[in-house]
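Remarks on the structure that follows.
No experiment lies behind these values; they were computed from the predicted model shown. Below, read A as the first sequence line, B as the second, and so on, with proteins coming before strands; counting in each chain starts at 1.
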Protein chains: 2
Amino acid sequence: MDETTSRPDAMPEPETAAALKDIRQTLSQLVGYHLRRASVYDMNGAVAALEPVDARPITMSVLTSIVEQPGRTSADICRMLAIKRANIVGLLQALEARGLFTRRDDPADQRLQRLYPTPEGVAAARQWLHLVQEHENRILSRLSLAERAELRRLLALVWADERAEEG
Amino acid sequence: MDETTSRPDAMPEPETAAALKDIRQTLSQLVGYHLRRASVYDMNGAVAALEPVDARPITMSVLTSIVEQPGRTSADICRMLAIKRANIVGLLQALEARGLFTRRDDPADQRLQRLYPTPEGVAAARQWLHLVQEHENRILSRLSLAERAELRRLLALVWADERAEEG
DNA sequence: TATTGTTATACTCTATAACTATA
DNA sequence: TATAGTTATAGAGTATAACAATA
């Protein structure tokens, strides 16, 4: 008996129907898909928000790291932001060319260049951050202030393990 | 009077100190950074979870779309998943080569190829989804079931605007 | 004119390997 | 041996432009 030939598309065989029910149930519970879509949507908006000041999100993250923690090395910042050392070189060159930070050789360890923001760098970090904050106010407009804080807390819990694994 | 030369690094000029306070305050409220870090962390785990079955997250999303909504076109799926038509071609070719779905020309509109899962495709979708679900159980282990549901709800609210803008 | 499926291609982002200098 | 900073490069992922077929 060939069951499949006697069943139209709308009525799959029982085994497949049970699998489909399971699939729908699993799909509806997945968080990762929403995480991805929300992150891409946010990133696109952040890129647009920073375009007028000729910066990208990663550029802003590097600059704010230097401003918030003056004296860190580029390797330090790479570990904080989870980016590769090779990929921060161009970002730092661009920020340095704009006079937003300066490098000073560490007198105790000649391998290290410690990074310090200039006053212009501090001002730029503040401006860029406010542009991103305005963008966030837009994409989070459907969330109350309490919900935004809760979202931030839950997201921090998600990637907290990443730090636990490495550092 | 040149104030800057008389102030060491640890004591920036008052204007800069006020800016720094503002920067820290803004940074602590940003959601996008956590969104990005959480999403990247999740995606890396999802890629690893699907590696044994030779699939990637986007591959699984396409397959589950076909399984959940049989008879949709590739352009439909591109709109659902927010990917470009040009980039789904290779994904579909790979899934088709593995016998996980079939194409049928639409009799009423010759431009359309409607996509239908095979029983093997349904089984694969279920298996892949469960692999991802196990991965999610790991990265969400610090969240209660209620918190996971709340996170999913809040994330869906974030990118809900994307749909509202286009469709 | 608009849409589908497709090809070719460019651009961005990220990852790896290798090198020099220093510890 | 290990780390910092750098260069070069390879690989994904994603974007645009163009095309033929069809509506």
Side-chain angles (χ1 to χ4, degrees), chain A residues 36-37 39-48 50-51 54-62 65-66 71-97 101-115 162 166-167, chain B residues 36-37 39-48 50-51 54-62 65-66 71-97 101-115 162 166-167:
Chain A
R36 169 77 176 167
R37 290 298 294 267
S39 177
V40 169
Y41 182 57
D42 170 68
M43 283 292 290
N44 286 342
V47 166
L50 290 171
E51 199 173 307
D54 196 30
R56 284 166 299 151
I58 185 61
T59 321
M60 189 196 73
S61 291
V62 170
S65 295
I66 296 173
R72 292 303 187 127
T73 67
S74 67
D76 287 336
I77 293 172
C78 286
R79 280 184 288 266
M80 286 192 287
L81 299 178
I83 61 181
K84 302 296 171 186
R85 284 197 312 273
N87 295 329
I88 205 177
V89 177
L91 302 174
L92 289 177
Q93 285 173 344
L95 291 172
E96 190 178 30
F101 81 95
T102 57
R103 315 186 195 220
R104 299 187 209 163
D105 292 342
D106 186 310
D109 188 337
Q110 299 279 75
R111 295 172 302 180
L112 309 183
Q113 298 178 349
R114 304 204 169 273
L115 313 182
E162 193 175 40
E166 307 171 0
Chain B
R36 168 78 176 167
R37 290 299 295 265
S39 177
V40 169
Y41 182 57
D42 171 68
M43 282 291 290
N44 287 342
V47 167
L50 290 171
E51 200 174 308
D54 195 29
R56 284 165 300 151
I58 185 61
T59 320
M60 189 194 73
S61 292
V62 170
S65 296
I66 297 174
R72 291 304 187 123
T73 67
S74 69
D76 287 335
I77 294 172
C78 286
R79 281 185 288 267
M80 285 193 290
L81 300 178
I83 60 180
K84 302 297 172 186
R85 286 198 311 277
N87 295 329
I88 204 177
V89 177
L91 303 174
L92 288 177
Q93 286 173 345
L95 291 171
E96 191 179 28
F101 81 95
T102 59
R103 314 185 196 223
R104 299 186 209 164
D105 291 342
D106 186 311
D109 189 338
Q110 298 280 74
R111 294 173 303 180
L112 310 182
Q113 298 177 350
R114 303 203 170 274
L115 313 182
E162 193 176 41
E166 306 172 2

Compare all side-chain heavy atoms of A:Glu96 with those of A:Thr102 and state whether any distance is below 4.5 angstrom. no
Heavy atoms under 4.0 Å is the rule here; annotate nucleotides 18-23 of chain D 5' to 3' with B where the base is hit, S where only the sugar-phosphate is, and - elsewhere. ----BS
Can you tell me how far the CG atom of B:Asn87 sits from the SG atom of B:Cys78, to the nearest 0.5 Å? 8.0 Å
Output yes when at least one side-chain N/O atom of A:Ser74 is less than 4.0 Å from OP1 or OP2 of D:dG5, else no. yes
With rounding to the nearest 0.5 Å, note down the distance linking CD1 in A:Ile77 to CD1 in A:Ile83. 8.0 Å
Whole angstrom is fine here: how far is it from CD1 in B:Ile58 over to P in D:dT14? 7 Å
CG of A:Asn87 versus C1' of D:dA12: gap in Å, rounded? 13 Å
Determine whether A:Leu92 and A:Ile66 make a side-chain contact, defined as any pair of heavy atoms from C-beta on separated by less than 4.5 Å. yes
Over how many whole Å does the gap from A:Lys84 atom NZ to D:dG11 atom C1' extend? 14 Å
Boundaries of the DNA chain C segment in contact with chain B, non-hydrogen, under 4.0 Å: C:dA2 to C:dT14
Determine the contact category for B:Arg114: base if any of its heavy atoms lies under 4.0 Å from a base atom, sugar-phosphate if only primed atoms, P, OP1 or OP2 are that close, otherwise nothing. nothing
Can you tell me how far C1' of D:dG5 sits from CD of A:Glu96, to the nearest Å? 13 Å
With respect to B:Arg114, which candidate in B:Asp105, B:Asp109, B:Thr73, B:Asp106 satisfies the side chain to side chain donor-acceptor pair (under 3.5 Å) definition? B:Asp106
What nucleic acid atoms does A:Arg72 come within less than 4.0 Å of, heavy atoms only: base, sugar-phosphate, or nothing? nothing
Pick the closest DNA chain C nucleotide for A:Arg56 and for B:Leu112 by heavy atoms, then say which residue is nearer the 5' end. B:Leu112
Test item: B:Gln113 and B:Ser74 side chains (from C-beta on) under 4.5 Å apart, heavy atoms: no
Scan side-chain atoms only and decide if A:Asp42 and A:Ser39 contain a donor-acceptor pair under the 3.5 Å cut-off. no
